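Here is the structure we will look at.
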Amino acid sequence: MKDVKSKNAAPSKQGGLNAEIQSRIGHQLRAMYDDVVRQGVPDRFAELIRKLDGSEPNPQLGTAGDKNDGRD
């Protein structure tokens with residue numbers, strides 16, 4: 001079989017991507033994640049975050065004074 005190289009072939013190191021392919025991947029990732037960022041945080045997630053940031057202690061987590069570091 002003859003080894004055919006195209007202008008978009010990977011560089012000599014095995015598994016590497018050439019600059020054009022890296023640029024295309026980067027552009028597509030930015031476009032995809034820009035859409036996600038524009039969607040914002042859903043109301044239910046924002047409410048969960050507000051609850052987590054509140055000063056109410058969670059009885060399931062124990063108190064801050066507990067010396068239990070999980071090594072028992």
Side-chain angles (χ1 to χ4, degrees):
M1 269 178 108
K2 193 174 184 181
D3 187 16
V4 178
K5 293 187 178 186
S6 70
K7 67 178 183 176
N8 292 333
S12 61
K13 75 176 187 181
Q14 187 175 357
L17 300 174
N18 68 24
E20 181 181 356
I21 293 172
Q22 289 179 9
S23 177
R24 286 182 184 180
I25 291 172
H27 179 48
Q28 290 175 349
L29 286 172
R30 278 189 295 278
M32 186 172 63
Y33 284 109
D34 283 347
D35 288 341
V36 172
V37 169
R38 275 189 238 116
Q39 290 176 8
V41 177
D43 291 338
R44 62 185 179 169
F45 290 164
E47 181 62 28
L48 286 172
I49 292 169
R50 279 191 292 274
K51 287 179 181 179
L52 290 171
D53 285 341
S55 61
E56 296 180 29
N58 186 339
Q60 294 177 346
L61 296 178
T63 61
D66 285 349
K67 303 276 186 193
N68 185 359
D69 62 2
R71 293 188 223 172
D72 293 310

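Everything numeric in this text was worked out from a predicted model, so none of it was measured. We use all heavy atoms of the structure for the numbers below, so side chains are in, but hydrogens, waters and symmetry mates are not.
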Cluster partners of L48, using ILVMFWY side-chain heavy atoms under 4.5 angstrom, listed by chain and number? V41, F45

Salt-bridge contact R44-E47 (side-chain N to carboxylate O under 4.0 Å):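 Not counted as a salt bridge, because no side-chain N and carboxylate O are separated by less than 4.0 Å.
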
Listed partners of R38 passing side chain to side chain contact (heavy atoms under 4.5 Å, CB included), at least two apart: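 Once residues adjacent in sequence are excluded, the partners of R38 under the side chain to side chain contact (heavy atoms under 4.5 Å, CB included) criterion are D34, D35.
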
Do M32 and L17 share a hydrophobic cluster, counting only Ile, Leu, Val, Met, Phe, Trp and Tyr and linking them when any side-chain heavy atoms are less than 4.5 Å apart? yes

Rounding to 0.5 Å, atoms CG (N18) and OG (S23) come to a distance of 10.0 Å

